[in-house]
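Heads up: numbering here begins at 1 and tracks the sequence.
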Amino acid sequence: MRPARVAYWAVFAAALAIYGAMVGWTLPAISRDAGGLVPFDMRPAGYSVEEARAFLTALGDQGRAIYLGPQHLLDMLYPALLAMVLIGAVRVLIGPVSLRWGLALMALGGMAADYLENARVGAMLLHDGAVPDAMITAASRATQVKAGLSTVVMLAVCAGLALAAWKKWRKT
């Protein structure tokens, strides 16, 4: 197997492991500590000022510590790994070069929005007193942009996989 392929699958495995740790450990622990409310990172449609305030009020010290500690540590690695995985898949599965470039830029945009979301969520978690509406709205928008861009690229990769499978099936 070529070194580039080995590297791609190592990045894929790392991204999957980190995602598994987040959805299997940190995010459920944060949610439990917030009385079952969904953490900001898992709200692709964003959240209102009222929803954010309810989550911040319900979130206890333990959940806040997990969010600012292990969750943010994992989420420092995940966006870059996901972008690499998506760009690698786009490179192999998507034919037109202009579409490839557009999807790669969207993957990078999703990564940047994820890092911005992380910074804004961290700022909300550390804020003393009532979190300003503008801070909540900005964090929610970053979440929406992250989810939107990543979803478009993932759907394109799925379409590319389906087309490749169809072509292979037709040959047999």
Side chain proximity check, [X] to [Y], heavy atoms < 4.5 angstrom:
{"X": "Arg120", "Y": "Phe40", "answer": "no"}
{"X": "Leu81", "Y": "Ile18", "answer": "yes"}
{"X": "Met22", "Y": "Gln71", "answer": "yes"}
{"X": "Pro132", "Y": "His127", "answer": "yes"}
{"X": "Val85", "Y": "Tyr8", "answer": "yes"}
{"X": "Leu149", "Y": "Val153", "answer": "no"}

Could you measure the distance from the [atom1] atom of [X] to the [atom2] atom of [Y]? Nearest 0.5 Å is fine.
{"X": "Leu86", "Y": "Met106", "atom1": "CG", "atom2": "CE", "answer": "11.5 Å"}
{"X": "Leu93", "Y": "Leu161", "atom1": "CG", "atom2": "CG", "answer": "5.0 Å"}
{"X": "Leu37", "Y": "Phe55", "atom1": "CG", "atom2": "CZ", "answer": "7.0 Å"}
{"X": "Met111", "Y": "Leu116", "atom1": "CE", "atom2": "CG", "answer": "12.0 Å"}

Determine the minimum heavy-atom distance between [X] and [Y], stating which atoms define it.
{"X": "Trp25", "Y": "Pro70", "answer": "CH2-CB, 3.5 Å"}
{"X": "Gly110", "Y": "Ser150", "answer": "CA-OG, 4.2 Å"}
{"X": "His72", "Y": "Tyr67", "answer": "CD2-O, 3.0 Å"}
{"X": "Ala107", "Y": "Ile87", "answer": "CB-CG1, 3.8 Å"}
{"X": "Gly24", "Y": "Pro28", "answer": "C-CG, 3.9 Å"}

Applying a strict under-4.5 Å side-chain criterion to I, L, V, M, F, W and Y, I'd like to know whether [X] and [Y] cluster together.
{"X": "Val131", "Y": "Leu68", "value": "yes"}
{"X": "Leu27", "Y": "Leu59", "value": "yes"}
{"X": "Ile30", "Y": "Leu125", "value": "yes"}
{"X": "Leu105", "Y": "Val145", "value": "no"}
{"X": "Val157", "Y": "Leu16", "value": "yes"}

Side-chain donor or acceptor of Asp75 paired with backbone N/O of Asn118 under 3.5 Å
no

Has Thr143 got a side-chain atom pairing as donor or acceptor with Gly46's backbone, closer than 3.5 angstrom?
no

